[in-house]
Every structure is written in C-alpha cells, then in structure tokens.
Q: 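The structure follows.
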Amino acid sequence: MPIYKAPLEDVNFLLNDVFQIDRYDNLPGFSDASADVREAVLGEAAKLSEEVLQPLNRTGDLEGCTRHDDGSVTTPKGFKAAFKQVTEGGWLGLSAPTEFGGQGLPVTLSQAVTEFQCSANMAFSMYGGLTMGATAALIVHGKPEQKAMFVPKMVAGEWTGTMNLTEPQCGTDLGLLRTKAVKQNDGSYKISGTKIFISAGEHDLADNIIHLVLARIEGAPAGIKGVSLFVVPKILVNADGSLGARNGVSCGSIEHKMGIHGNSTGVMNYDGATGWLIGEENKGMQGMFVMMNEARLGVAVQGLAQSEVAYQNAAAYARDRLQGRALTGAQAPDKPADPIIVHPDVRRTLLTIRAFNEAARAMVIWTALKSDVAHRSSDPKDRKEADDHMGLMTPVLKGFLTEIGFANAVQAQQMYGGHGYIAEQGMEQFVRDARIAMIYEGANGIQALDLVGRKLPRDGGRAVMAFFGEVASFAKEQGANEAMKPFITPLSAGLGHLQQATTWLMQNAMMKPDNAGAAATDYMHLFGLVTLGYMWAKMAKVANDKIAAVGASPYLTTKLVTGRFFMERMLPETSVHLARIQSGSATIMELAAEAF
C-alpha cells in the first residue's frame, strides 16, 4: 500500500530560514502566523493529510463517484466524513479574510497545507480547492449582497464552489461559448446551456454548490468581449440565508476519466437557471481570471504534490527491493541480493525527482509570498513588483511544474519495474492523477504561449528584467564565496542561456510570430530550470551559513548534495532548450497540414 509523510522539515526550512517569513510581520495576518502558530497549523495539516486523507486515496480511486437517476452524485465512501473534518477544522478559511469568517493567515501558509492535501489525496483536495478559488473571485468582483450571501458559507465549507467555463465546442477559446443569459425584470438572469468537464460539479459533501458560470448576455458582442460571469447556486437562497427551491441546474452525467476518480467531474446542464451578474456586463473574464489564476497556482502545486508522494514511495521501495549486486561488489553480503538503491541509475532517478521537488516547493512558497505582498501590502511599489512576479511566474509554475511532476511520477513508477504497473502498489494511480494537471486550467502549450506572447512583453518587459536583475545580483554577491561556486557558476550559465533566448525572441518573433509559437514550450522549460536553479542557490546559501554557524546535520548535508546534483545534472539542460529555440520555426511549419 502507498505511503505519505508530509515534508514538514523542508517546509519549515523554507519558511523560517530561506524566506524568513517573520520579516513580513508588517503585513496583515502575518503577525498572527508566529512560529508556534505555523508549527501547530502545519503539524495538524500533516496529521489530517497522513491519517485521514491518504487512506482514502486508493479506495476513492477504486470506487469513484456515482451518479443516480435523479442527477444526484455520491462521493466515495469516507469522503463525506473527511470533508466534515476539513470544514470543522477551518481549513478552507485558513487564509480567507476574517470579515467572512476566515482566519486571515498568509496564503503562503495555506499553499503549504494545499501541497500536503494534494499529495495525500488529489481528487479529494479539489473540492476544497475549487471552493477557495470561487470564493476569491466573489470577494474581488462580487457585489456586497453577493459576498454576504455566499462567501461566509463557502469559507465555512457549508457550501462549495465551482468554475464553469468549458463547453463541448469551446475549451481554451472561450470566445466560442454558447451558454446564454437572458435578463429578467428583477435584475437576475436566466442561464441556459451545457458545460462539460466541471470538477466537483455535483456531490454530496455540502448543502449547496455555488457555480460561477461564463455566459453570453443576449445581444452581447461576439467573441471574448461579449462574455459575462454569473453566480448560479444549485439551490436558491432565501433572503434570510436559508435554502429555498432547487435551481434549474443539474448534472447530466459524470465523465469517465483517466484519473482523479474520487472527484465528481460532470456535464452540467443549465435550463433557465437563475443567476446573478458578477461585475460588469461583457467583462466576465476579469472575474474568472481571479479564479483561474488561483486554480493555476493550485494545479502547479498538484504537479509538485504528485511528484513528492510518488518519490516517497519509490525511495522506500528502492531501499527494500533486493535485485542484483552493486557494481563495486556486494553491499549486503548477508542477503541474496543488494537493495536496488545501491545502483547508480536508480540513485540518478531518485535524485532527479527529489532535486525537482525541493526546488519546486521553494518556488511555490516564494511565489505565494509575492501573492501575499500583492494583496496585503500598503506600499504601492511593493504591490506592483509582487504583481509583476505573479503574472510572470504563473504560467511557468503551472506549465513547468505539472509537466515535470507528471514525468517524475512516471520515473517513480519505473523504480518498481513490473510491480509499478500493478494497481495495488499505487504508483499507476499517481501517474494517472498527475496527467490531468498538464491539461486543465489552460493546457500547458497555452501557458507557454501566454508566457512568451503576453507576459514577456508586458509593460515593456518590466517583470522579466526584474527577475534577471534579481538572479544576476544574487550571483554577483555570492561569486567570491568558494562554498557557493558549485551553485553560482552553473546558475550564471543558465541565466545567460535564458537571456540569450529572450533576446532571440525579441529579435525574431515580432516579424515572424511562428518563431514565438515554436519556441514557447522550450522557453517555458528554460525559464523553469533557471528559476529552480535560483531556488537551489538560495537554499544552498542558507544551508552553508547554518553549517558554518552551528555545524552540519544530516538534513543540511543532504540538502547540499541534492542541490549539487541539480546543478551538475539538471540545470545544464538549459543549453538544449536554447539550441531548440534558436533553430526557429521553419522546419516545424514546412509540411502541409495534409502531410501529417
């Protein structure tokens, strides 16, 4: 059976030592997240994930969700009781504003908790994750009466939330959507249409489900400029807050999926359902982007989370599985064979996954801190810089972390040989569950195009130049530190490759846009590698300083070895991505469509 242990030591190292979260005590909510509070929150989150959610992961996958003839959906056995524990513990409101019943703690802390829950049970965690995203959109763009009616119940977990974008003919290109909205005399709208792939669209975990729905008001302009956002509850809410009549929204079917079987992904039919406009007419994407960006960061965490749990199981298996002898001679002569952990290629595989996990975790926490600054700081300059960072890093996080996270789940499965292909070991579920993260919330090719086409040139390249400056400044400061040379030299080389790629795009993409399209995915991976390299350099600096001050520990020594592996074996891939980018689009675009 699969195992999972929350990486508490690593999270605490990042929060306390690398990013020194206590420096942010001037921001609202941070002074309430003192070291002892963080320790208690993370400890309880780990316990909940390990003891309650993780045991339901495989059983939930095997049982799946069941749709009944009346359109209702039953979640797997144990999910309802587990969700009750989540809501009673206040986990959905960890970083929600106190005015709506939340605890107001930093998003940085809730992102760490999200990783634990995603590793333990990705399908289950989506019910709460989507609710938090919908809540965020309502808080930013909802009318006061909408916030009062829906948000406190969602923060408490009494009601859950969804996002309804996709239609059979309309995926990423939301300008093609056909769901229509007809305005009523009382100011409400009647919503009609069909949405597909709606995660947590119908279930038995909460008393009500609050759907955020994109639709086109009658007479609206064609394309994306005519899209509006509506809040459509499953059950209508009376003026006093009590539940009233059933609304005209129903689950037509449950999708038969490759993975995340414990999450109810449904076809949602809107048949004159009553909804209310969020924000302004024809500006629905502004509100939905709040939720989509929240979701994209959550999906990035899913990539990391599946990589982490797959690694933990693969490493445990490699320590126990006896097969062959070490190339240098028997390491366990009292046994019929050595454990496979002695083999260099097994270690290469495990270190590849681990080196990614630890740097990706740092990248997530670094960006979560920027999110807190962007939303909580009173300094306009700090908010702008943090918002620049968020805009630049969101597509990198979503695209890069989910692609590598899936590849790592496959590599971890490989450690088991044939046993990894057998369901009872749990590895094939990690592979299946990780696969969706590359697809939803904007497929990764779209993330790469967004990075190259929109985020790089935005505001004259202000965000990317700030990133280049930060990494270059750190490298210069540490350049004379002998202990840091194994990190700074490869980091500087990788940064140079990223800068060359950026310059090449500036010179070659404007006149020939296909060059940007052909380069986009490689550029996203190049950017991701350099960012992970920067995270490793920052972690190495702290580890070296702690060793110099208080002496070595197994954790710090392992941290430095893992970081050196990344610098020696993984970061040099930046040169390959640069070569691909500079090859341009000619060969890619040469064949006629019918030749494929």
Side-chain angles (χ1 to χ4, degrees), residues 1-5 7 9-10 306-361 403-422 424-428 430-431 434 482-487 489-491 493-494 525 529 532-533 536-537 539-540 543-544 547 552-577:
M1 289 291 291
I3 59 168
Y4 174 65
K5 191 76 173 174
E9 187 173 22
D10 211 43
Q306 293 304 290
S307 181
E308 173 64 31
V309 68
Y311 166 79
Q312 290 188 19
N313 283 271
Y317 185 81
R319 289 191 296 267
D320 293 337
R321 174 68 170 174
L322 302 181
Q323 201 88 151
R325 289 295 187 186
L327 298 175
T328 54
Q331 300 297 300
D334 58 324
K335 296 179 180 177
D338 289 331
I340 62 173
I341 194 72
V342 305
H343 302 307
D345 197 59
V346 168
R347 288 170 167 251
R348 175 196 61 80
T349 300
L350 293 174
L351 276 169
T352 296
I353 305 173
R354 179 171 183 152
F356 166 84
N357 291 349
E358 295 183 11
R361 183 172 297 115
E403 288 207 10
I404 305 303
F406 172 73
N408 286 347
V410 174
Q411 288 196 82
Q413 181 190 37
Q414 187 75 10
M415 292 293 91
Y416 282 67
H419 293 284
Y421 202 67
I422 304 303
E424 67 191 66
Q425 297 290 345
M427 301 306 289
E428 58 86 36
F430 300 144
V431 171
E482 194 66 31
M484 286 296 292
K485 284 186 177 178
F487 297 88
T489 300
L491 175 61
H525 279 260
L529 282 168
L532 295 190
W536 266 118
M539 290 188 287
N544 279 322
I547 288 172
S553 68
Y555 175 80
L556 294 174
T557 300
T558 302
K559 180 68 72 176
L560 289 173
V561 171
T562 308
R564 292 203 317 271
F565 174 89
F566 179 88
M567 294 297 184
E568 293 170 4
R569 287 276 185 154
M570 297 171 69
L571 191 55
E573 292 174 12
T574 56
S575 62
V576 177
H577 292 297

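Start at 1 with the first residue, then count along the sequence.
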Q: Indicate the ring-plane relationship of Y416 and Y317, choosing parallel, tilted or perpendicular according to the 30° and 60° boundaries.
A: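 Taking Y317 first and then Y416, their aromatic rings lie parallel (interplane angle under 30°).
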Q: Are any side-chain N or O atoms of W536 and backbone N or O atoms of A355, one a donor and one an acceptor, separated by less than 3.5 Å?
A: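 Here the side-chain-to-backbone pair exists.
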Q: Could you tell me whether Q414 atom CD has more than 12 heavy atoms of other residues or ligands within 6.0 Å of it?
A: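 No.
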Q: Side-chain contact test, heavy atoms from C-beta onward, threshold under 4.5 Å: evaluate it for V342 versus R325 and give yes or no.
A: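 Answer no - side chains too far apart.
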Q: Any side-chain heavy atom of P336 sitting closer than 4.5 Å to one from L322?
A: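 Heavy-atom side-chain distance check passes, below 4.5 Å.
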Q: Please round to the nearest 0.5 Å and tell me the distance separating atom CD1 of I353 and atom CD of Q411.
A: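 Between I353 CD1 and Q411 CD, I get 5.0 Å after rounding to 0.5 Å.
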Q: Salt bridge check, R361 against E358: does any charged N sit closer than 4.0 Å to a carboxylate O?
A: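 Result for this pair is no, no salt bridge flagged.
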Q: Working note: N357 + N408, criterion side chain to side chain contact (heavy atoms under 4.5 Å, CB included); need CA distance, chi angles, decisive distance, verdict.
A: CA-CA 9 Å; N357 291 349; N408 286 347; 4.3 Å; yes
Q: Please round to the nearest 0.5 Å and tell me the distance separating atom CD of E9 and atom OG1 of T558.
A: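 Reported value, rounded in 0.5 Å steps: 9.0 Å.
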Q: Side chains of R348 and T352: does their closest heavy-atom pair fall under 4.5 Å?
A: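 Of all side-chain heavy-atom pairs linking T352 with R348, at least one is under 4.5 Å.
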Q: Roughly how far apart are I422 CD1 and E428 CD, rounded to 0.5 Å?
A: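 Going from CD1 on I422 over to CD on E428, the span is 9.0 Å.
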Q: At their closest point, which heavy atom of V431 faces which heavy atom of F406, and how far apart are they?
A: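 Closest approach of V431 to F406, heavy atoms only: O-CE1, 3.5 Å.
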Q: Could you pull out the closest heavy-atom pair between P7 and E308, with the gap in Å?
A: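 Answer, listing the atom of P7 first, then E308: CB-OE2, 4.5 Å.
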Q: Might you point out which heavy atoms bring P572 and M567 nearest each other, and give the distance in Å?
A: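 The answer is CD-O, 3.3 Å.
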